[in-house]
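Okay, structure first, notes after.
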Amino acid sequence: MTSEKLRLGVNIDHVATVRNARGGDYPDPVRAALLAVEAGADGITAHLREDRRHIRDTDIAALKRGLSVPLNFEMAATDEMVAIALDTRPHAACLVPEKREERTTEGGLDIVGGREHLAPRIRALAEAGIRVSLFVEPEPAIMDAARALGAPVVELHTGSYCEAALEDDDARTARELARIRRAAEHGDGLGLEIHAGHGLTLGSVGPVAALPQIRELNIGHSLIADAIFVGLDRAVRDMRAAMDRARHP
């Protein structure tokens, strides 16, 4: 069990979504990243999708040049993305599932069925000094599989929990939170560093942030959505405060 400060990684993908809706260069994801850092973000996450629907290659390069905090490069486990990561050398690479037709990442990576595909890519990234994390479902057996693959970090998919919380389904919310807790405890016991993310909002972040095994939360959509109404600085500060209250009530 860890008692370290819970880190906040801010995902700036949807700043790029707004930019790309009209073309051009505004709003600038790098500017958003720097504002988030000033407001208390401990790192920045950006997902370079194969179809480039939001973040562009030039954004990744600019983020690497301009950030003073770790860059977490979300990516599909493809040869193209591994090559970009090896060229960019971000602090971390989080391997995620990716389908062209999905609106956002749906569910965790299949690290059991995809072992032969994933293992050499994880090894190549690790040998380059890039910390590899796997975006996975919160199940103890999947923690075992991640450990066997040699990835030092897992990011637990919190989407099902957040959906239940949004629907005010208390019984399902409790079940999904228990899943996250069991996986976090099991993974931590194996020596994995435990992160979590997907769909977290100010209203749902507290119970997940309170789990002592979790070291980092990666949050994007709700922060960018809240920023429309209160500004990005306030949105990040409010999330940071909610996480801190949950961790140290």
Name every donor-acceptor pair, under 3.5 Å, that has one atom in a side chain of residues 218-230 and the other anywhere in the protein, sequence neighbours excluded.
from : atom 1 : to   : atom 2 : distance (Å)
N218 : OD1    : T45  : OG1    : 3.0
N218 : ND2    : E155 : OE1    : 3.2
N218 : ND2    : E216 : OE2    : 3.2
S222 : OG     : L200 : O      : 2.8

Study note, to complete from the structure: Of all heavy-atom pairs linking H117 and A77, the shortest is NE2-O, 2.6 Å
Check your understanding: With respect to L149, which candidate in V112, L134, L95 satisfies the side-chain contact (heavy atoms from CB on, under 4.5 Å) definition?
Key -> L134
Review point. R182: what forms a side-chain contact (heavy atoms from CB on, under 4.5 Å) with it, not counting sequence neighbours?
Key: A178, R179
Review point. Under 4.5 Å between any side-chain heavy atoms of L192 and R147, yes or no?
Key: yes
Point to revise | Partner residues of T58 under the side-chain hydrogen bond (donor to acceptor under 3.5 Å, both in side chains) criterion, sequence neighbours left out | key: none
Check your understanding: Which atom pair, heavy atoms only, marks the closest approach of A210 to A246?
Key -> CB-O, 3.6 Å
**Study point:** In one Ile/Leu/Val/Met/Phe/Trp/Tyr side-chain cluster, 4.5 Å: I194, V153
**Key:** no
**Study point:** Beyond-backbone contact of L8 with L6, side-chain heavy atoms, under 4.5 angstrom
**Key:** no
Review point. Does V18 sit in a hydrophobic cluster with other residues, and if so which ones, taking ILVMFWY side chains as linked at heavy-atom separations under 4.5 Å, directly or through other members?
Key: none
Review point. Is there a side-chain contact between F135 and H198 (heavy atoms, below 4.5 Å)?
Key: yes
Exercise for review: Scan for salt bridge (Lys or Arg N to Asp or Glu O under 4.0 Å) pairs involving residues 160-170, sequence neighbours excluded, and state none if there are none.
Suggested key: E163-R172, E167-R172
Exercise for review: Drop me the distance from T17's OG1 to I12's CD1, to the nearest 0.5 angstrom.
Suggested key: 9.5 Å
Practice item. Kindly indicate whether the side chain of F73, heavy atoms from C-beta on, has any atom under 4.5 Å from the side chain of I84. Key: yes
Point to revise | With sequence neighbours excluded, residues passing side-chain contact (heavy atoms from CB on, under 4.5 Å) with V69 | key: V37, I44, L67
Point to revise | Side-chain (T88) to main-chain (P90) donor-acceptor, under 3.5 angstrom | key: no
**Study point:** Minimum side-chain heavy-atom gap H157-I142 below 4.5 Å
**Key:** no
Exercise for review: Spell out, as yes or no, whether a donor-acceptor pair under 3.5 Å connects the side chain of R247 to the backbone of A209.
Suggested key: yes
Check your understanding: Does any N or O in the side chain of E137 come within less than 3.5 Å of the main-chain N or O of G108, such that one atom is a donor and the other an acceptor?
Key -> yes
Exercise for review: Going by the salt bridge (charged side-chain N to carboxylate O under 4.0 Å, His left out) test, name the single residue among D51, D25, D28 that passes it with R56.
Suggested key: D25
Point to revise | 4.5 Å side-chain heavy-atom contact, P138 and Y161 | key: no
Practice item. Give, for atom CD1 of I55 and atom CZ of R49, the distance between the pair rounded to the nearest 0.5 Å. Key: 11.5 Å
Check your understanding: Got a second to check how far I111's CD1 is from I122's CD1, nearest 0.5 Å?
Key -> 7.5 Å
Revision key, fill the gap. The salt bridge (Lys or Arg N to Asp or Glu O under 4.0 Å) partners of D110 (sequence neighbours excluded) come to none
Study note, to complete from the structure: R52 meets the salt bridge (Lys or Arg N to Asp or Glu O under 4.0 Å) criterion, sequence neighbours left out, with D57, E80
**Study point:** Within 6.0 Å of CZ in R31, more than 12 heavy atoms from elsewhere
**Key:** no
Check your understanding: Got a sec, which pairs hit side chain to side chain donor-acceptor pair (under 3.5 Å) with one end in residues 34-43, sequence neighbours left out?
Key -> K5-D42, D42-R240
Study note, to complete from the structure: V132 and A151 have their tightest heavy-atom pair at O-CB, 4.2 Å
Exercise for review: For H186, check ring pair (Phe, Tyr, Trp, His ring centres under 6.0 Å) against everything at least two apart and list the hits.
Suggested key: none
Review point. How many angstroms lie between NE2 in H54 and CG in L48, if you round to the nearest 0.5 Å?
Key: 9.0 Å
Revision key, fill the gap. Interatomic distance, CD@E50 vs CE@M75, rounded to 0.5 Å, equals 10.0 Å
Check your understanding: Taking all non-hydrogen atoms of both residues, which atom of V205 and which atom of A242 are closest, and how far apart?
Key -> CG1-CB, 4.0 Å
Exercise for review: Enter the distance from M239:CE to D244:CG here, rounded to the nearest 0.5 Å.
Suggested key: 11.5 Å
**Study point:** Residues that S160 engages under side-chain hydrogen bond (donor to acceptor under 3.5 Å, both in side chains), provided they are two or more places apart
**Key:** none
Revision key, fill the gap. Shortest non-hydrogen pair, L125 vs A85, comes out as CD2-CB, 3.7 Å
Point to revise | Closest non-hydrogen atom pair, P97 against L109 | key: N-CD1, 3.5 Å
Practice item. Could you pull out all residues at least two apart from D79 that satisfy salt bridge (Lys or Arg N to Asp or Glu O under 4.0 Å)? Key: R121
Exercise for review: State, with a plain yes or no, whether a side-chain heavy atom of L156 is found less than 4.5 Å away from one of M143.
Suggested key: yes
Check your understanding: Can you get from L86 to I60 by hopping between Ile, Leu, Val, Met, Phe, Trp and Tyr side chains that sit under 4.5 Å apart?
Key -> yes
